[in-house]
Amino acid sequence: MLRLLLRLFMENQLHLSEPERLRRQKLIELQEMGINPYPAEAFPVNITATDIKSNFEADKENQKWKEIAIAGRVMGVRDMGKAAFVVIQDDLGKVQVYVRRDDICPSEDKSLYDVVFKKLLDIGDIIGIKGFVFITKTGEVSIHANEISILSKALRPLPIVKEKEGETFDAVTDPEFRYRQRYADLIVNPHVKDTFRKRTQIIRSIRDFLNDHGAMEVDTPVLQNIPGGAAARPFITHHNALDIPFYLRIANELYLKRLIVGGFDWVYEFSRNFRNEGMDRTHNPEFTILEFYVAYKDYYWMMDFTERMLEKVAMELHGTTSVQLGENQIEFKAPFKRISIFEAILENTGFDVSQMDEEGIRSVCQKLNIHTEPSMGKGKLIDELFSETCESKFVQPTFIIDYPVEMSPLTKKHRSKEGLVERFELMINGKEVANAYSELNDPIDQRERFEEQIKLMERGDDEAMFIDDDFLRALEYGMPPTSGIGIGIDRLCMMLTNQQSIQDVLFFPQMRPEVRHKLAEEESPESSN
RNA sequence: GAUUCGGUAGCUCAGCUGGUAGAGCAUUACACUUUUAAUGUAGGGGUCCUGGGUUCGAGUCCCAGCCGGAUCACCA
């Protein structure tokens with residue numbers, strides 16, 4: 001009695017809705033009947049909904065349909081008195097279960113059906129069914145239940161999504177609900193689950209392709225002393241025992257190159273990177289880049305390899321290289337178009353900036369109404385010019401090649417074109433998906449490039465790179481000629497799964513915390529850094 | 001960070017120039033032993049995001065804040 005009162009008091013404190021109070025009441029009733037709503041025993045699942053739905057009709061006599069055990073979440077109930085249809089959903093699909101009172105309650109005691117099944121079972125509960133497969137009068141492959149057991153009671157009502165002939169009704173669309181409560185989103189929106197299956201498939205295809213070609217998967221530090229390998233603001237943290245700051249990596253490039261120095265000729269890593277920048281449809285503070293580095297190759301080889309890899313990934317995912325993306329049809333068939341950044345600017349603006357100095361390019365920017373900052377060097381100005389006037393034009397996969405040296409501090413100088421480097425970016429659907437170089441392996445040149453970055457930093461560019469002396473020391477031992485690439489995995493997944501937002505290819509996209517903790521509010525405002 | 005749109009029942013949404021809070025689904029009760037957005041009948045359910053203000057009276061108007069989306073800025 002005391003426990004009951006305590007429980008009632010606590011539930012009052014929780015501000016439970018009426019359906020939530022009811023479900024808690026049902027939980028108690030189950031326990032009072034001696035039924036554990038959260039049993040410990042394994043349930044011997046021997047079949048899936050999809051297996052039943054897709055294979056029963058062609059092979060009805062197979063023994064395996066005679067004694068099945070299936071588990072899943074109750075997604076709908078059509079109660080007709082002494083019989084009912086229950087739709088259950090398991091990992092891959094849905095199937096309906098025919099539950100007849102006299103089958104699950106063969107004796108005089110009908111309470112399992114009349115009370116447990118009809119009164120205490122809710123949509124969202126997870127149940128186990130034992131029975132056999134059959135086809136209903138209306139022709140639907142179904143399960144005839146002989147036994148039914150509760151495997152987990154749901155205390156929170158699920159948003160109900162109804163569907164008929166592929167059309168859905170009252171689907172949960174609120175992005176805040178979907179991203180904060182992804183678990184519920186995954187339950188009620190099957191297409192979301194499908195997108196994430198595809199993401200896993202994409203990563204597996206890439207990994208297989210790399211492994212098949214002799215690459216070795218490695219792990220490198222996430223906590224770094226010097227956040228190198230890219231131009232971005234890092235997250236900073238602190239190591240207590242050493243009493244020094246650490247940075248969450250913005251890239252793993254410099255570590256993979258150290259491994260190339262160490263004698264591994266082909267290394268790759270799916271690197272979770274962290275950048276302390278804004279968030280939008282194509283940016284999340286943590287995101288995944290695949291980087292790989294191959295000794296004795298150059299950026300031409302890398303273009304060939306990349307287009308073959310993406311062609312194969314698209315093919316394995318969709319069975320075709322032609323992929324629907326919004327209004328566009330993206331063709332992943334190799335080879336991809338190649339165009340130099342200066343040609344791209346010339347084509348789209350009519351200005352040939354390839355021979356211009358910093359001031360000349362600045363005046364072109366002004367003519368085109370492109371905002372510039374005094375801190376911008378020649379490289380940054382060209383980058384700005386390209387992204388403002390060209391980037392969105394490249395819908396089909398296109399390699400933009402031969403960037404100016406100023407914007408590529410880790411890239412080898414071009415073998416024949418003065419002032420350029422051997423670099424390409426891969427544009428798909430107007431977005432950068434990959435960035436690759438013939439890697440700079442001249443330690444003296446590399447030191448000078450770092451020093452250029454320091455000058456940019458002094459001009460006010462807060463994303464210029466730091467000097468990494470240990471990386472330079474590694475290069476001094478000699479790094480073989482190497483080509484490397486970084487591929488934005490989240491963006492690639494968006495493009496291959498027809499998603500408009502990075503949040504739709506990340507299980508748990510970053511969001512502002514839901515509730516402000518009182519403690520945090522009471523603390524001094526200075527502590528927010 | 002800026003601009004803009006939004007936040008009403010578990011879900012999807014309506015709510016006019018300010019006047020007692022609405023629908024469908026879900027839920028509860030009853031009926032129904034092959035239904036499938038099951039059906040029929042009858043109910044219950046609200047911190048209208050939060051806090052101020054204007055007003056006799058605020059879901060509605062004003063101000064501030066919180067959360068989200070879109071666009072822009074930074075960036076991949």
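Here the structure is a predicted model, which is why all the values come from computation and not from measurement. Naming convention: chains lettered A, B, ... in sequence-line order (proteins, then strands); numbering from 1 in each chain.
Proximity of the aromatic rings of A:Y255 and A:Y293 is defined here by a centroid distance below 6.0 angstrom, and this criterion is not met.
Contact check, A:Q500 against B:A70: no side-chain N or O comes under 4.0 Å of OP1 or OP2. Dashed line: the shortest gap from a side-chain N or O of A:R101 to OP1 or OP2 of B:U33 is not under 4.0 Å. Considering only side-chain N and O atoms, A:R156 lies nowhere under 4.0 angstrom from the phosphate OP1 or OP2 of B:G10.
A:E384 places its CD atom 10 Å from the C1' atom of B:A73, with the value rounded to the nearest Å. B:G68 atom P lies 11 Å from atom CG of A:D174, rounded to whole Å. If you take CE of A:M75 and C1' of B:A38, they are 17 Å apart, rounded to a whole angstrom. Remark: C1' of B:U35 and NZ of A:K137 are 9 Å apart, rounded to the nearest angstrom.
For the segment residues 77-88 of chain A, the set of residues with a heavy atom within less than 4.0 Å of an atom of RNA chain B comprises A:R78, A:D79, A:M80, A:G81, A:K82, A:A83, A:F85, in numerical order.
Only the P atoms considered, B:A9 is 14 Å distant from B:G22, to the nearest whole Å. Rounded to whole Å, the P atom of B:A42 lies 13 Å from the corresponding atom of B:C25. Separating the C1' atom of B:U12 from that of B:A37 is a span of 14 Å, rounded to the nearest Å. Nucleotides B:G18 and B:G53 have their C1' atoms positioned 15 Å apart, rounded to a whole Å. Taking atom P in both B:U8 and B:U60, one finds a spacing of 13 Å when rounded to whole Å. B:G24 and B:U39 are spaced 16 Å apart, taking the C1' atom of each and rounding to whole Å. Taking atom P on both B:C48 and B:G52, the two are 13 Å apart, rounded to the nearest angstrom.
Across all non-hydrogen atoms, the minimal contact from A:D79 to A:K118 is OD2-CE, 3.2 Å. Residue A:E269 comes nearest to A:N252 through the heavy atom pair OE1-ND2, 2.7 Å, listed as atom of the first residue, atom of the second, then distance.
A donor-acceptor pair under 3.5 Å is absent between the side-chain atoms of A:R275 and the main chain of A:A251, judged by distance alone.
A donor and an acceptor atom sit less than 3.5 Å apart, one in the side chain of A:D280 and one in the base of B:C74. No hydrogens or angles were tested; on distance alone, a donor-acceptor pair under 3.5 Å links the side chain of A:Q96 to the base of B:U35.
In this structure B:C13 sits in a base pair with B:G22, meeting the Watson-Crick or G-U test at under 3.5 Å.
Distances from the side chain of A:Y98 to the nucleotides B:C74, B:U12, B:U34 place B:U34 closest. Of the candidates B:G69, B:C67, B:U33, B:U33 carries the atom nearest the A:R100 side chain, counting heavy atoms from C-beta on.
Mapped onto RNA chain B by nearest heavy atom, A:R281 and A:V172 fall at different nucleotides, with A:V172 at the one closer to the 5' end. In terms of position along RNA chain B, the nucleotide closest to A:R180 lies nearer the 5' end than the nucleotide closest to the other residue of the pair A:R180 and A:T282.
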Are any protein N/O atoms closer than 3.5 Å to N/O atoms in nucleotides 26-30 of chain B? If there are, list each pair with its distance.
| from | atom 1 | to | atom 2 | distance (Å) |
| --- | --- | --- | --- | --- |
| B:A26 | OP1 | A:K162 | NZ | 3.0 |
| B:U28 | OP1 | A:K26 | NZ | 2.5 |
| B:C30 | OP2 | A:K119 | NZ | 2.4 |

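Among the atoms of the strands shown, none is found under 4.0 Å from any heavy atom of A:E286.
Under a cutoff of 6.0 Å and an axis angle of 45°, A:R423 and A:Y437 do not form a cation-pi pair.
A:I68 has its side chain within reach of A:V133: a pair of non-hydrogen atoms, C-beta onward, lies under 4.5 Å apart.
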